[in-house]
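Have a look at the structure below before the remarks.
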Protein chains: 4
Amino acid sequence: MGQGLKNRGCTRADVDERRAAVEEFSSTKLNAIASYTIDPESARSNIENMIGCIQIPLGFVGPLHVIGEYANGEFLVPMATTEGALLASVNRGCSLVNAGGGVYVRIVGDAMTRAPVFRTKGVSHSLEAIKWITENIDAVREAAEATTGHGKLIGLETFPNGRNLFLRFSFHTADAMGMNMCTIATEAAARLIEKETGAVMISVSGNMCMDKKPAAINMISGRGKTVIADCTIPAYAVKERMHTTVEAVVDTNYRKNLVGSAMAGSLGQNAHAANMLAAMFIATGQDPAQVVEGSMTSTLCEEVAGDLYISVRIPSLEIGTVGGGTKLPTQAEALEIMGCRGTGKSRKLGEIMAAAVLAGELSTLGAQAAGHLGKAHAKLGR
Amino acid sequence: MGQGLKNRGCTRADVDERRAAVEEFSSTKLNAIASYTIDPESARSNIENMIGCIQIPLGFVGPLHVIGEYANGEFLVPMATTEGALLASVNRGCSLVNAGGGVYVRIVGDAMTRAPVFRTKGVSHSLEAIKWITENIDAVREAAEATTGHGKLIGLETFPNGRNLFLRFSFHTADAMGMNMCTIATEAAARLIEKETGAVMISVSGNMCMDKKPAAINMISGRGKTVIADCTIPAYAVKERMHTTVEAVVDTNYRKNLVGSAMAGSLGQNAHAANMLAAMFIATGQDPAQVVEGSMTSTLCEEVAGDLYISVRIPSLEIGTVGGGTKLPTQAEALEIMGCRGTGKSRKLGEIMAAAVLAGELSTLGAQAAGHLGKAHAKLGR
Amino acid sequence: MGQGLKNRGCTRADVDERRAAVEEFSSTKLNAIASYTIDPESARSNIENMIGCIQIPLGFVGPLHVIGEYANGEFLVPMATTEGALLASVNRGCSLVNAGGGVYVRIVGDAMTRAPVFRTKGVSHSLEAIKWITENIDAVREAAEATTGHGKLIGLETFPNGRNLFLRFSFHTADAMGMNMCTIATEAAARLIEKETGAVMISVSGNMCMDKKPAAINMISGRGKTVIADCTIPAYAVKERMHTTVEAVVDTNYRKNLVGSAMAGSLGQNAHAANMLAAMFIATGQDPAQVVEGSMTSTLCEEVAGDLYISVRIPSLEIGTVGGGTKLPTQAEALEIMGCRGTGKSRKLGEIMAAAVLAGELSTLGAQAAGHLGKAHAKLGR
Amino acid sequence: MGQGLKNRGCTRADVDERRAAVEEFSSTKLNAIASYTIDPESARSNIENMIGCIQIPLGFVGPLHVIGEYANGEFLVPMATTEGALLASVNRGCSLVNAGGGVYVRIVGDAMTRAPVFRTKGVSHSLEAIKWITENIDAVREAAEATTGHGKLIGLETFPNGRNLFLRFSFHTADAMGMNMCTIATEAAARLIEKETGAVMISVSGNMCMDKKPAAINMISGRGKTVIADCTIPAYAVKERMHTTVEAVVDTNYRKNLVGSAMAGSLGQNAHAANMLAAMFIATGQDPAQVVEGSMTSTLCEEVAGDLYISVRIPSLEIGTVGGGTKLPTQAEALEIMGCRGTGKSRKLGEIMAAAVLAGELSTLGAQAAGHLGKAHAKLGR
């Protein structure tokens, strides 16, 4: 078998042909993978070399009461996972936050970044290039924005270091997650900068962006949406539904999420934000590799007037409601469940996701505080 | 609608009933989500509140030549994604590494960790507890291993800090990813320690484990499998298939992955390891939230005798070939494509995954070196 | 002996009396400590409970050719240390950079920060407080600047997280290192914010400042002066004076400072920037605890046209030429050697320090490349 | 003036001659620097190019009640600084910890590390080298220990990554800080490894050591002494002497040292451990650049039965009581004040230093809790 891209077709017949070749090469039968229902033509821009589909069980949690600027009311939240006990746990969290009147949530930052690295002749040359950029920021913006109907350049930071010059471009990208939009716009701007300054673009992504790797710069400054959320859970609900106390949850969060995370050299401090994010990302056609950035969430708990105050800060939530996997049939339906499909919906989606992360954090902290994490897993058969 | 867990059934009828409730609640039609083929009873331990399935397009890359201790020969590697251009890119990488004779890969660490945090009375009490543990390590091991048929306690590190005592347990977990096995075994050991020392377990997971959050402790010491791999790509192949030069790729890796990552405060230095890991994790039923740890990969390039040497180190690859999502029909078939289903296969899977990560890193570095990352995305229609 | 502050006097007699008490308490004779020559009254604002002086051997390196915006020409650089071989090494580095025509150096950032943390009622309250601050930034500035003759508020970033609101104030502080100026000005602004918003200031220093602790925020965004410098060393000089090759130095820097630092989870990547900074800080009356921030320096080497290009980026160089220890007699003289005493000199000092750090990095990398670090230490008798 | 090392003499006349040359070069008079009393011959192995001494005001704090394994009783602690208010503050902390019955302190780790980096041919070669080392660890130890009378090799970790192989050697170094001892011993072992395995040592210090740079590896695993200490301060003392409450101090530590440090991407979480360490390091002839590692201290506070529990963990305290600057006259006397001069005293010194760090942390947290940090600085005239 030659390298697999020779048949480049996207029809079901093309998919069948390729899958048959895989079956032959690997002496397997791929009946389940073949049993998909979506039209492969619709996935033309989502994958190459398609041979079928993976089916991920989809469930939901909720209703979850969200008090956002864009999402207001009760929502069912779809989650796709193969990790038993996750939805049961988040669902319990939803019940608790509802008892607390819902999750208050706001988006405090919203920008996608791309940071090309240029090779210069050294410090002097880098500073000349920065000077040119500063003086010609309008031309740079124009070059970038000419490539896109929706992207708006809203910031440009400069980081010179030796013969390297990093430029961190920030864009508003409307309802797309927007990384590709950024890449294309940044490249156009970078080409202008190359031409005018003599700095040579080495990579349009110089890793100060920073995409799909955990990095302090995103934890501190944000990438995609920066979302903060909180809720106060009445003491009685903590007792009745989590079988523990406010004090125990606060103590657990302190020793585990604050002290333990710090001693481990972690970026972020949370229990399992990545679990909720991964399940929602897969359900709604987001890029699951960007769960990495979301995992730098900060979860905090305090006792306030006897009740349990809990908050999350997700510094870097990279999501969209148009483009990418969002338009595939099952994913589009999952977005529809929350009324988050298409234009004008990405902030609403971000708010719901943050609220669900909070619910999941709450439930797991409660379970650990009650001392039965191991038992919960054992009972649910994993 | 009450909190969604009331109908706890797992039959297709139960799923239908729940989905109908969701449709009504959200005024949607979920036809695509309903069009799944796997038996929901088989997903009983993977999800609660199931209403259907998300279909993720599955493709493959390869053949990929792997020279491992467990995986030897040519493999097709299944990847599930909605990110266009990814498989085409990784596939090109496979072609390149094959031209280099394949990817040499070895597993240098293999242990799953759990680190409970205990509350003690202070430094003196923590040291007494450590003393007891040290002197009674056999009893601790026995308590832990009594809970599991496969897990073996192979290490226990102690980190006292004020009134906190963290114990980092390491287990061999055979072919399971093993986190739940660890959790249960650790909890049993912890209960013994509590009883004998008076230290109070606050959380069985004290975040020095550290699961699904990026943390230096795992980047340095590893969690799950630590895998290293390398390959030397002939200069002609770099030129003909990536349209760039060895020097340009090395320079790109240096400025982007080394300098850029360092300036961003990143854990790990790579181009997009998380992309390949997420696509393979979803295809094979791994826990996608654990892509977080895998994203701390280190990718290095050097010119050696005119050719391109490239290597990856994945410090923390948390995978299994039994348990979790691996037994679901589509996922099991995906494993089968690589001959990685079931007992005795997890190391083989780890080797193939590392080789595929290397191929993906190579291709993206080449594309960026050739200066057309933006163009590639534009052309593939995203 | 009661707690030592009862005698609060600053005369030589007071110092003698206290020292005698210490001698009695500890059954020692402190003759060397007693043999100081500076007037203790002049140290009144530098120390309490004075009993004498520690003498630190002072040497110098240079001449060092600096091509700065403020420092131009050849400088002798005073360094106080007890670490043998350090000055010999840096001096060799000076000779090398002079052979390269001197160190080009520029200051690209200059601001001192203070970040109080406030306790709020939660997300909603934090956002209200931020809104008030944004709308009343002139009043905030006025409150801050009313406390200082030199400080100018030049930035204010907001970081809300749960019931915590961090405000990162940035000030121009003229030629003082300026941390206390910042603290006082920030506190005044914070009191206004407290009064108007109901947010409660918990600490004027909420550790997002961040002083005397290593933190990504300062590595990325800078604190104090951010200085970049470079130099190209001719290949012949590398060979003749360092007994190694350009290629070997570049390779050493790559494997040690880039790869090794990354694998260790380091902030910054350098050989021993802290050594030069500590020696110059002590010589010139800077705060030696702020060497911590300076230690996050990035050192990079490349081969350019056969010669050795070397650069440093010191993201966070917190220094002054007025205030603090700079006015003590020996320290003031050390500043005078470089023409850096008093008003209008702090940027000049920053440029010279960065150049000296580069020289020291170069020499150590050369020594390690030549494979004789161990031998060098052995020979110099340590 | 040629490069300054031509006159290599160490007599007072040599020092005078060099100083005169500096005075002429820089058109200064260096009378204070000339007014030193120590014999420059005694500093022969501590500095090159000596021209005099810097005088750092020395004070003391205490008595400080220490309950260590090596240090037991009341100690006066010498501190050299130019930062006003520091000693007054630490002294107040001493009074408070004495009210709490003293600081309980223990050393839980004690090893100096050196991590050379080798260049290998790749993964396969690195693993062969590791195999050889594992099988010949006795020969490696013998080679290392042959170079030293006191050093004992107690650990060797291996970190292969591409064509890089890092070996982290750990040594017991008796009462020397021991870095040079380690360097020499490691180099000897490395030469043997080079010869037997063909791996090429690129640098004896490959930055996984890691010296004088902030790095997670040392925060987690320790370097030099790892020291933990705690104390419980009665509520009345908090109120009467710090004019604040237990609750306020705990809250300050939480928001500042835990939350703020985490959000800043810090290694360690403390208020100003580096201040105390720098002042004690300078007083006692330690290497002040190693304050960097000490700055990764963790400070924790809790309310326990109404009183204030406070603890510190200093993961990496690199100190000695022989060698380096400890033998200079003023520094030796400072050590003598604590009964910490010479052989058999380094652990005692480590315990006292940790106790003093705790006292300083306590006082500053109290001051910030009481809301008058700005005012304290203003009043003491800085």
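A note on names: the letters A, B, ... follow the listed sequences, proteins ahead of strands, and every chain is numbered from 1.
Looking at B/Ala215, there are no atoms closer than 4.5 Å to chain D (heavy atoms on both sides), in backbone or side chain. With a threshold of 4.5 angstrom between heavy atoms, B/Ile228 approaches chain D through its backbone and through its side chain. In this structure, the portion of B/Val304 lying under 4.5 Å from any heavy atom of chain D is its side chain and not its backbone. Proximity to chain B is limited to the side chain of D/Leu127, based on heavy atoms less than 4.5 angstrom apart. With a 4.5 angstrom heavy-atom cutoff, B/Val123 touches chain D via backbone and side-chain atoms both. Using a 4.5 Å cut-off between heavy atoms, D/Leu300 touches chain B through its side chain atoms alone.
When every heavy atom of D/Gly122 is checked against every heavy atom of B/Tyr309, the shortest pair comes out as CA-OH, 3.5 Å.
When the candidates D/Gly162, D/Ala229, D/Ser221 are compared by the number of heavy-atom contacts under 4.5 Å with chain B, D/Gly162 comes out ahead. In terms of heavy-atom pairs under 4.5 angstrom with chain D, the leader among B/Arg163, B/Glu302, B/Arg313, B/Met219 is B/Arg163. Counting heavy-atom pairs closer than 4.5 Å to chain B, the top-ranked of the candidates D/Gly265, D/Pro160, D/Cys301, D/Ser126 is D/Pro160.
Atoms CG and OG1, from D/Asn161 and B/Thr226 in turn, are 11.5 Å apart once rounded to the nearest 0.5 Å.
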